[in-house]
2 protein chains.
Amino acid sequence: MRKKQSTNYVNEQFLFQVCELNSAIAMINGRWKSQIVYSISQGNNRFHLIQQELPNISETVLARQLKELETHAILIKKEIPNTVPVGIEYVLTNKGLDLVPILESLCDWGKLYADGKRISAHSIS
Amino acid sequence: MRKKQSTNYVNEQFLFQVCELNSAIAMINGRWKSQIVYSISQGNNRFHLIQQELPNISETVLARQLKELETHAILIKKEIPNTVPVGIEYVLTNKGLDLVPILESLCDWGKLYADGKRISAHSIS
DNA sequence: ACAATAACTAACAAAATTGTTAGTCTTTAA
DNA sequence: TTAAAGACTAACAATTTTGTTAGTTATTGT
């Protein structure tokens, strides 16, 4: 549980009102979150499919990350009809779908500079 | 100090090799980091200028975040010649500059869905 | 001589995130 | 009847991140 009186919480709120950038980042922060969003966008839209792709994640942790993504309306849970026990499908909202290309550009950026090469700097002054 | 034998660390490394997306996110994770990068790109390239823009950040924390950004080669420190005591200017590398438009699209994404409106979902199946 | 400025650092404490253990519930297969 | 699959949850412990306190260094202004 967040402590609303903590400096940590107050600073987070401060950044949220400085720029939406910070709330956006807060939504994709979290050990597994953006990888999960990406996996779902690739069609791995079931709990056990995500587990197969990310064998190191525990059930508890996966469930928690999914719930947080749901809280931020990046995805919704959908019951698959006529299944027993009822199957759950994870569906990206339009908000979640719009995030995917941004994650892709982050990925490209990461790849481009991965080896520590291609770095340079020159002051603008 | 990170514990190299912890599950937390091992999982982070696992995600790094799954996709560069995860290393990219790890670099911009951190309470103040992307806001600092954005501020520097706007010309607030001195320690005290960033402090003015983000009055809630403590000196210790700002120094730490700057050092981490430097470790990831997103910015470099540059001594300003003929200043006593020697002034330090923070300069984005090309890697850091390439990050800025991505942060801007994250910001736009955040703004678009900020009020919780415009959310919808429909399964692909 | 004393305070102030700029840009830090080390050691520590508080808080948050991540991972673990042990459960739940329902139905089908062996 | 026992086990397994699928999709979870609560309570707790480990680890990491964030914030705090108290310093440093060198120089200029009063």
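The basis for the numbers below is simple: all heavy atoms, side chains too, and nothing from hydrogens, waters or symmetry mates. Numbered from 1 within each chain, the chains take letters A, B, ... in sequence-line order.
Side-chain contact check for B/Met27 versus B/Lys95: some heavy-atom pair is nearer than 4.5 Å. Side-chain contact between A/Val91 and A/Leu75: absent, with no pair of heavy atoms (C-beta onward) separated by less than 4.5 Å. Side chains of B/Ile88 and B/Lys78 form no contact here, defined as non-hydrogen atoms less than 4.5 Å apart.
Distance from the side chain of A/Ser6 is smallest to C/dA15 among C/dA15, D/dT18, C/dT9. If you check C/dT9, D/dG19, C/dA16 against the side chain of A/Lys3, the one that comes closest is C/dA16. The listed nucleotides are D/dT18, C/dA16, D/dG19; the one nearest the side chain of B/Trp32 is D/dG19.
At most 12 heavy atoms of other shown residues, nucleotides or ligands fall within 6.0 angstrom of atom CD in A/Glu79.
Rounded to whole angstrom, the span from the CD1 atom of B/Ile88 across to the C1' atom of D/dA26 amounts to 13 Å. Rounded to an integer number of Å, the gap from CG of A/Leu69 to P of C/dT17 is 14 Å. Straight-line distance from the CG atom of B/Leu66 to the C1' atom of D/dT18: 15 Å, rounded to whole Å. Atom CG in A/Leu62 sits about 13 Å away from atom C1' in C/dT18, given to the nearest Å. Whole-Å rounding puts the A/Glu79 CD to D/dG6 P distance at 17 Å. Straight-line distance from the CD1 atom of B/Ile57 to the C1' atom of D/dT17: 13 Å, rounded to whole Å. Between the CD atom of B/Glu68 and the P atom of D/dT17 there is a distance of 8 Å, rounded to whole Å. The CG-P distance, from B/Asn45 to C/dA6, rounds to 14 Å in whole Å.
Judged by closest nucleotide on DNA chain C, A/Arg31 is the one of A/Arg31 and A/Glu59 placed further toward the 5' end. Between B/Phe47 and A/Asn8, the residue anchored closer to the 5' end of DNA chain C is B/Phe47, taking for each the nucleotide with the nearest heavy atom. Along DNA chain D, the nucleotide nearest B/Tyr9 and the nucleotide nearest A/Thr7 are compared for position; the residue whose nucleotide lies closer to the 5' end is B/Tyr9.
Within the structure, every side-chain polar atom (N or O) of A/Arg64 is placed at least 4.0 Å from both OP1 and OP2 of C/dT18. Residue A/His48 places none of its side-chain N or O atoms closer than 4.0 Å to OP1 or OP2 of D/dA5. Using a 4.0 Å cut-off, no side-chain N or O of B/Lys67 falls inside it from OP1 or OP2 of C/dA7. Not one side-chain nitrogen or oxygen of A/Asn11 sits closer than 4.0 Å to the OP1 or OP2 atom of D/dT18. In this structure, B/Arg46 does not reach the C/dA6 phosphate: none of its side-chain N or O atoms is under 4.0 Å from OP1 or OP2.
Using a 4.0 Å heavy-atom distance criterion, B/Lys33 is classed as making no nucleic acid contact. Residue contacts shown for A/Lys77 are limited to sugar-phosphate atoms, with no base heavy atom under 4.0 Å away. Using a 4.0 Å heavy-atom cutoff across all strands shown, A/Ser58 reaches at least one base atom of the nucleic acid.
Of the charged side-chain nitrogens involved, at least one lies within less than 4.0 Å of a carboxylate oxygen, so that A/Glu12 and A/Arg2 count as a salt-bridged pair.
At least one donor-acceptor pair closer than 3.5 Å links the side chain of B/Thr93 to the backbone N or O of B/Ile74.
Between the side chain of B/Thr60 and the base of C/dT9, a donor-acceptor pair under 3.5 Å is found.
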